[in-house]
Amino acid sequence: MPALINPSILSADFANLERDLQAIAAADYVHVDVMDNHFVPNLTLGLPVVQRIAEVSPLPLDVHLMIEDADRCAPEYAAAGAASVTFHAEATQAPVRLARELRSRGVRAGIALRPASPVEPLLDLLPEFDMLLVMTVEPGFGGQSFIEGMLPKIRRARAALDASGGHTWIQVDGGVARDTIGRIAAAGANVFVAGSAVYGASDIAAEIAALRDLADAHA
Ligand code: DX5
Ligand code: ZN
């Protein structure tokens, strides 16, 4: 499967969101970071804004929930028009029940891990999820540097999926740029979130193409 590039609008201009959504039309999904100032020390946007983004976006929405009480809140983002909803393993009581609920609403269900959370307890459950998100920075802010120590975690998840014939996507979020994406793809990820690398580029479409080519070349 070719690499998917999902630019994060955390690095977009929130006063010009529609313009900045059009600017990434050549990407695969738009990555929407929802933060509640409790699960992470930052506050971004919530349901009404996600709903409007879904109405005007040229791309399907990949919503990354960095919120507490995901069990209660995540299904509302499916109803708001997301194509994919990812919640944190650390913020849910019943990840399988929640994933099944999301899938029953016709959206892809993703589960995310903070850098310090091990992947091993999830390996047998991966078929219940459409995507595993391996955070490669501490969630909360764009523009941080990639945590190299996460590469073995990605490799172990890929090995477990290959061994079981699973089709769960592996997404990486945090510090993805031209100088890191090759190593991340080689470790086994196939979905790449990039915020500052994409929106900080002088030619956004060219940056998306370059990231995709680098990922495909190293997969
Ligand atoms: C961080 C967010 C990321 C963020 C990545 O908590 O989940 O999606 O936008 O930003 P960069 O690509 O700049 O590391
Ligand atoms: Zn994110």
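Whatever order the structure lists ligands and atoms in, that order sets their numbers, starting from 1.
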Trainee: Going by the order shown, which atoms of ligand 1 are within less than 4.0 Å of some heavy atom of Met66?
Mentor: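 It comes down to these atoms of ligand 1: 6 (O), 7 (O).
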Trainee: Closer than 4.0 Å to some heavy atom of His64 - which atoms of ligand 1 meet that?
Mentor: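 Near His64, the atoms of ligand 1 are 7 (O).
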Trainee: Could you tell me which atoms of ligand 1, counted from 1 in the order shown, lie closer than 4.0 angstrom to a heavy atom of Gly143?
Mentor: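 Checking each atom against Gly143, I get 10 (O), 11 (P), 13 (O), 14 (O).
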Trainee: Under a 4.5 Å cut-off applied to non-hydrogen side-chain atoms, are Val172 and Val193 in contact?
Mentor: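 No. Closest side-chain heavy atoms not under 4.5 Å.
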Trainee: Look only at the side chain of Gln144 and the backbone of Glu138, and say whether a donor-acceptor pair between them is shorter than 3.5 Å.
Mentor: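 Side chain of Gln144 to backbone of Glu138: a pair is present.
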Trainee: Decide whether the shortest distance between a heavy atom of Val137 and an atom of ligand 1 is less than 4.0 Å.
Mentor: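 Checking ligand 1 against Val137, which is what was asked, there is no heavy-atom contact under 4.0 Å.
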Trainee: So which protein heavy atom does atom 9 (O) of ligand 1 come closest to, and at what separation?
Mentor: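 Result for atom 9 (O) of ligand 1: Ser8 OG, 2.8 Å.
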Trainee: At a cut-off of 2.8 Å, list the protein N/O/S atoms near the Zn ion (ligand 2), residue plus atom name.
Mentor: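 Protein N/O/S atoms under 2.8 Å of the Zn ion (ligand 2): His31 NE2, Asp33 OD1, His64 ND1, Asp173 OD2.
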Trainee: Taking Ala78's backbone N and O only, do any of them form a donor-acceptor pair with Arg105's side chain (distance below 3.5 Å, no angle check)?
Mentor: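 It does not hold such a pair.
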Trainee: Please list the nearest protein heavy atom to atom 1 (C) of ligand 1 with its residue and the distance rounded to 0.1 Å.
Mentor: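 Checked against all protein heavy atoms, atom 1 (C) of ligand 1 sits closest to Phe141 O, 3.6 Å.
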Trainee: Please check if the side chain of Asp216 supplies one atom and the backbone of Ala3 the other of a donor-acceptor pair under 3.5 Å.
Mentor: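 Checked: pair present.
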Trainee: Which of the numbered atoms in ligand 1 are under 4.0 angstrom from any heavy atom belonging to His31?
Mentor: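 Listed by number with element, the hits are 8 (O).
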Trainee: Would you check if the side chain of Thr180 reaches a backbone N or O of Ala177 as a donor-acceptor pair within less than 3.5 Å?
Mentor: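 Checked: pair present.
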Trainee: Give the numbers and elements of all ligand 1 atoms closer than 4.0 Å to a heavy atom of Gly140.
Mentor: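 By the 4.0 Å cutoff, the relevant atoms are 1 (C), 6 (O).
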Trainee: Without swapping roles, check the side chain of Thr136 against the backbone of Asp173 for a donor-acceptor pair under 3.5 Å.
Mentor: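 Yes, because the side chain of Thr136 sits within donor-acceptor range (under 3.5 Å) of the backbone of Asp173.
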Trainee: What protein heavy atom lies closest to atom 10 (O) of ligand 1? Include the residue and the distance to one decimal.
Mentor: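 Going by distance alone, atom 10 (O) of ligand 1 is nearest to Gly142 CA, 3.4 Å.
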Trainee: For atom 14 (O) of ligand 1, what is the nearest protein heavy atom, given as residue, atom name and distance?
Mentor: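 For this ligand atom, the closest protein heavy atom is Gly175 N, 2.8 Å.
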Trainee: Provide, to 0.1 Å, the distance between atom 12 (O) of ligand 1 and the closest protein heavy atom, together with that atom's residue and name.
Mentor: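 So the nearest neighbour among protein heavy atoms is Gly195 N, 2.7 Å.
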Trainee: For the backbone of Glu68 and the side chain of Asp36, can you confirm whether one donor and one acceptor N or O come within less than 3.5 Å of each other?
Mentor: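 Flag set: sc Asp36 to bb Glu68 pair under 3.5 Å.
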Trainee: Would you indicate whether the side-chain heavy atoms of Leu102 and Tyr77 approach each other to under 4.5 Å?
Mentor: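 Tyr77 does not reach Leu102 side chain to side chain.
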Trainee: Tell me whether Trp169 is reachable from Val85 by hopping between hydrophobic residues (I, L, V, M, F, W, Y) whose side-chain heavy atoms are closer than 4.5 Å.
Mentor: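 Different clusters.
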Trainee: In terms of atom number and element, which parts of ligand 1 are under 4.0 angstrom from non-hydrogen atoms of Asp173?
Mentor: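 Ligand 1 atoms under the 4.0 Å threshold to Asp173: 2 (C), 3 (C), 4 (C), 5 (C), 7 (O), 8 (O).
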Trainee: Using side-chain heavy atoms (C-beta onward) and a distance below 4.5 Å, is Ile5 in contact with Ile181?
Mentor: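 Side-chain contact under 4.5 Å: yes.
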Trainee: Under 4.0 Å from a heavy atom of Ser196: which atoms of ligand 1 are those, numbered in the order shown and with their elements?
Mentor: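 Near Ser196, the atoms of ligand 1 are 11 (P), 12 (O), 13 (O).
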Trainee: Using side-chain contact (heavy atoms from CB on, under 4.5 Å), reason through Val137 and Phe146 one step at a time and then give a plain yes or no.
Mentor: CA-CA 6 Å; Val137 298; Phe146 180 76; 5.7 Å; no
Trainee: Is there a heavy atom of Ala197 sitting under 4.0 angstrom from any atom of ligand 1?
Mentor: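 No; Ala197 lies far enough from ligand 1 that no heavy-atom distance drops under 4.0 Å.
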Trainee: Suppose I only count heavy atoms of Ala194 and a 4.0 Å limit; which atoms of ligand 1 are within that range?
Mentor: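 Listed by number with element: 12 (O).
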Trainee: Identify the two heavy atoms, one from Pro7 and one from Ile208, that lie closest to each other, and give their separation to 0.1 Å.
Mentor: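 Minimum heavy-atom contact is CG-CD1, 4.2 Å.
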Trainee: Would you say Glu90's side chain and Arg114's backbone share a donor-acceptor pair under 3.5 angstrom?
Mentor: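 Yes, the answer is positive, given that a donor and an acceptor are paired below the 3.5 Å cut-off.
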